[in-house]
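Keep in mind that the numbers below use all heavy atoms, side chains included, and drop hydrogens, waters and symmetry copies. Proteins come first, then strands; the chains are lettered A, B, ... in the order of their sequence lines, and each starts at number 1.
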Protein chains: 2
Amino acid sequence: MNDLDLGAFIKDHRKKAGLTQLQLADLAGIGKTTVFDIEKNKETVRFNNILAILQVLNIKIEFKSPLTK
Amino acid sequence: MNDLDLGAFIKDHRKKAGLTQLQLADLAGIGKTTVFDIEKNKETVRFNNILAILQVLNIKIEFKSPLTK
DNA sequence: CACGGTTTACTGCCTTAACAGTAATATTTA
DNA sequence: TAAATATTACTGTTAAGGCAGTAAACCGTG
């Protein structure tokens, strides 16, 4: 599975971008509660909300499999 | 943004694994409708459902930013 | 310490994703 | 082509995520 702490990863990048949770939420067009949930690693959030945050923070997703490798 | 067609990517890997949508759904512990939706690139699906599918198909997620690079 | 801003936490309402069931269409195989 | 299988699509129900509002806890900084 993914042993990376995505929540902490996002939080770290948000901090480095100088944004508060509320600012990030507004920029991503989602609610502040959702930002909080994602940083707390709540997995049952909508994929599009995670994508919206990653886009604001300029983070890219890559999918890798033994086939594509 | 992500120009990768995740739905097609998953579908391709599912086919190569010799699984039907229903089999993949059962293995991932989710409904067949959700598998269909994900392969159709519906973004308003829950993140954990996507993770469940990727895990079954042995696909890993990586997050990359200019900072981590 | 006190003040202001941020984060964490909780609540309740509203919206909607997830799901099984079903059926129709498409694809594969005999 | 016919049969079997798989995919796509639709529907109604149910469970739960998204959200604003609110407040408490936390954290700096003057």
Contacts of Asn48(B) meeting side chain to side chain donor-acceptor pair (under 3.5 Å) (sequence neighbours excluded), chain-then-number -> none
d(NZ, Lys40(A); C1', dA25(D)) in whole Å
12 Å
Find the distance between NZ (Lys15(A)) and CG (Leu19(A)) and round it off to the nearest 0.5 Å.
10.5 Å
By a strict heavy-atom criterion of less than 4.0 Å, which residues belonging to residues 18-27 of chain A are in contact with DNA chain C?
Thr20(A), Gln21(A)
First locate atom CD of Gln23(A), then atom OG1 of Thr20(A), and finally report the distance between them rounded to the nearest 0.5 Å.
3.5 Å
Could you measure the distance from the CD1 atom of Ile38(B) to the CD1 atom of Ile50(B)? Nearest 0.5 Å is fine.
5.0 Å
Can you list the residues that meet the salt bridge (Lys or Arg N to Asp or Glu O under 4.0 Å) rule with Arg46(B), with sequence neighbours excluded?
none
Should Val45(A) and Phe36(A) be regarded as members of a common hydrophobic cluster, given that ILVMFWY residues are connected when their side-chain heavy atoms come within less than 4.5 Å of each other, either directly or indirectly?
no
For Ala8(B), check side chain to side chain contact (heavy atoms under 4.5 Å, CB included) against everything at least two apart and list the hits.
Asp5(B)
Which pairs count as salt bridge (charged side-chain N to carboxylate O under 4.0 Å, His left out) when at least one residue sits in residues 27-39 of chain B, sequence neighbours excluded?
Arg14(B)-Glu39(B), Asp37(B)-Lys42(B)
When the ring planes of Phe47(A) and Phe47(B) are compared, do they come out parallel, tilted or perpendicular, using 30° and 60° as the limits?
parallel
Rounded off to whole Å, could you give me the NZ-to-P distance for the Lys15(B) and dA6(D) pair?
9 Å
One should read off an interatomic distance between Lys11(B) NZ and Asn41(B) CG, to the nearest 0.5 angstrom, of 11.0 Å
Nearest-angstrom distance from the residue atom CD1 of Ile50(B) to P of dG17(D)
15 Å
Under 3.5 Å, which N/O atoms of the protein pair with N/O atoms of nucleotides 26-29 of chain D?
none

Quick one: Asn41(A) CG to dA9(C) P, roughly how many Å, whole number?
13 Å
Under 4.0 Å from OP1 or OP2 of dT6(C): is there any side-chain N or O of Lys11(A) that close?
no
Could you state the atom-to-atom distance from CZ of Phe36(B) to C1' of dT7(D) in whole Å?
7 Å
Got a sec, which residues hit side chain to side chain contact (heavy atoms under 4.5 Å, CB included) with Ala28(A), two or more places apart in sequence or on another chain?
Ile30(A), Ala52(A), Ile53(A), Val56(A)
So what is the end-to-end bend of the helix from dC1(C)-dG30(D) to dA30(C)-dT1(D), with 5 pairs used at each end and the value given to 10 degrees?
70°
Can you sort out the partners of Lys40(A) under side chain to side chain donor-acceptor pair (under 3.5 Å), two or more places apart, ordered by chain and number?
none
Side chain to side chain donor-acceptor pair (under 3.5 Å) partners of Asp12(B), counting only residues at least two apart
Lys16(B)
Protein heavy-atom contacts under 4.0 Å, written 5' to 3' over nucleotides 14-25 of chain C as B (base), S (sugar-phosphate only) or - (none), form the string --SSSBBBB---
